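Data first, discussion second: the structure below is written as structure tokens.
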Amino acid sequence: MQRIILHIDLDSFYASLEELRHEDIRGKPVVICVFSGRSEDSGTVSTANYKARELGIKSGMPISLAKRLAKDKDVAFLQNDIEYYRTVSDRIMEIIEEEADIFQQVSIDEAYLDVTKKSMDKWDNAKKIAEKIKKKIKEQEGLTCSVGIGPNKLVAKMASKHQKPNGLTIIKDAEVKEFFENLPVSKIHGIGEKTTKILDELGIKTAKELASSDIKILEKKFGKNKSKLLLDKSQGIDDSPVEQKDRQQISRLGTLKEDTDNIEVIFEKIKELATDMKKKIEKVSFRTVSIITIDTALKTQTRSETVQVTNNLDSVLPITKSLLENFLKENSEKKLRRVGIRVSNLVYKKEQKTIGDF
DNA sequence: CGACGTGTAAC
DNA sequence: CCTTTTACACGTCG
């Protein structure tokens, strides 16, 4: 069955919203920051608008480095305000959902739509739907977005990335082959740094080379499942459905004021994170609670315990403390930089058919 | 198989 | 110097 899928990506979403509410920064390079609170400029860049990207500022980069790149230039650095962004995102997602047969929000600024029925199998109708969505978001929220249209989620995603900001790219099934052929593997969505490096060591640089590579050799490095996935991806093949999934886990991470192995200090932080998390888990219960530790070498480790289903976070705090105690005992040479708490194995109240539901 | 821990990837 | 949150796959162990 031939599908028509849209991927919608709001253009430098956080920065655009800040430009809308602060006229004094409009047209300037804008950098949205997540400050960790350790020292003056510790933290990372969450979003840089296109003017800031021209200066070499990119998301994920340390704020201190971004400030060096911005030296002597008129660049606006702002603290992020996720609550506000989420409010606007919710309004926009409502606009988008109206136009879809099936809707899947994948992050605060991205969504997939299956519009096979609404477009009556016609690419041209799908394009009209995309234009309508772009127009509505522009009129109602003053924002632009980039839209990709393709026969599946992978291609739609790659299409939306192809031209931005304010882009609209259609890659019909007949055009998929040509689009992928000469693409470096690192440009394929889902192929990151590690996979690219291993492929490079195998002499595989482009999607075409990956597509025609020996699966036996891939399987030695990646295993059967991932190899199949890689071969599919290299040809723009993706059968995954557009579907809204329930969240599988909820977590909170925080940075400690200073590196420490003091259990009381660390546990205080966990309690603080737990308090923030309570609001998020009002409507769900969970069976597993974990602590997440990140040491001074930035190595992440987790410890978890599965218990009777509960929705009372306070009741499992003693468990997180003993997990933490054991971890510190086993890793007495380590100090922690960051800690986190996570609940998983979520159980939703409303009877919804879930995979593990039989 | 379920529980647990790690690694990869994306935002 | 190096944020946040989530998904998913895989290996291991009992």
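Lettering of chains follows the sequences in order, A, B, ..., and the numbering in each one begins at 1. In this text, all values refer to a predicted model and were calculated from it rather than measured experimentally.
Atom-to-atom distance recorded for A/Glu54:CD and A/Asn49:CG is 9.0 Å, nearest 0.5 angstrom.
Of the charged side-chain nitrogens involved, at least one lies within less than 4.0 Å of a carboxylate oxygen, so that A/Glu141 and A/Arg91 count as a salt-bridged pair. In summary, A/Glu99 and A/Lys132 engage in a salt bridge, as defined by a charged side-chain N under 4.0 Å from a carboxylate O.
Across all strands shown, A/Arg342 has no heavy atoms under 4.0 Å from either base or sugar-phosphate atoms. A/Ile108 comes within contact range of no nucleotide atom at all, as no heavy-atom separation falls under 4.0 Å. Counting any heavy atom pair closer than 4.0 Å across all strands shown, A/Lys157 reaches sugar-phosphate atoms only and no base atom. If you check every strand for non-hydrogen atoms under 4.0 Å, A/Asp109 touches sugar and phosphate atoms only.
Taken residue by residue, residues 248-266 of chain A places heavy atoms nearer than 4.0 Å to DNA chain C at A/Gln248, A/Gln249, A/Ile250, A/Ser251, A/Arg252, A/Leu253, A/Thr255. At a non-hydrogen distance threshold of 4.0 Å, A/Leu298 from residues 269-302 of chain A come into contact with DNA chain C.
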Inset, instruction - Decide yes or no on salt bridge (Lys or Arg N to Asp or Glu O under 4.0 Å) for A/Asp11 and A/Lys164, but give the supporting numbers first. - result: CA-CA 7 Å; A/Asp11 296 323; A/Lys164 53 171 48 177; 5.7 Å; no

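Note on A/Arg337: a side-chain N or O is less than 4.0 Å away from OP1 or OP2 of C/dT3. Within the structure, a side-chain polar atom (N or O) of A/Ser304 is placed less than 4.0 Å from OP1 or OP2 of B/dG5. Between B/dT8 and A/Lys194, a contact under 4.0 Å exists linking OP1 or OP2 to a side-chain N or O. Within the 4.0 Å cut-off from OP1 or OP2 of C/dT3, not a single side-chain nitrogen or oxygen of A/Asn80 is found.
Remark: P of C/dA9 and CG of A/Leu230 are 13 Å apart, rounded to the nearest angstrom. Here B/dC1 presents its C1' atom at 13 Å from CG of A/Asn345, a figure rounded to the nearest Å. Spacing between atom CD1 of A/Ile63 and atom P of C/dC2 amounts to 8 Å, rounded to whole angstrom units. To the nearest angstrom, C1' of C/dT6 lies 13 Å from CD of A/Glu110. In this structure, the NZ atom of A/Lys153 is 15 Å from the C1' atom of B/dC11, given to the nearest Å. Counting to the nearest Å, the P atom of C/dT5 and the CD atom of A/Gln105 are 16 Å from each other. Counting to the nearest Å, the P atom of C/dC10 and the NZ atom of A/Lys221 are 17 Å from each other. Separating the CZ atom of A/Arg303 from the C1' atom of B/dA3 is a distance of 14 Å, rounded to the nearest angstrom.
In this structure a side-chain-to-backbone donor-acceptor pair under 3.5 Å is missing from A/Glu219 to A/Ser227. A donor-acceptor pair under 3.5 Å is formed between the side chain of A/Thr196 and the backbone N or O of A/Gly192. One N or O on the side chain of A/Lys134 and one on the backbone of A/Cys145 form a donor-acceptor pair closer than 3.5 Å.
You'll find that the side chain of A/Thr195 is closest to B/dT8, out of B/dT8, C/dT6, B/dA3.
Ring geometry for A/Tyr112 versus A/His7: interplanar angle of 30 to 60°, hence tilted.
Cation-pi contact between A/Arg21 and A/Tyr84: present, with separation from the ring centre below 6.0 Å and deviation from the ring axis of at most 45°.
When only modelled atom types and interatomic distance are considered, A/Lys226 and A/Thr195 share a side-chain donor-acceptor pair under 3.5 Å.
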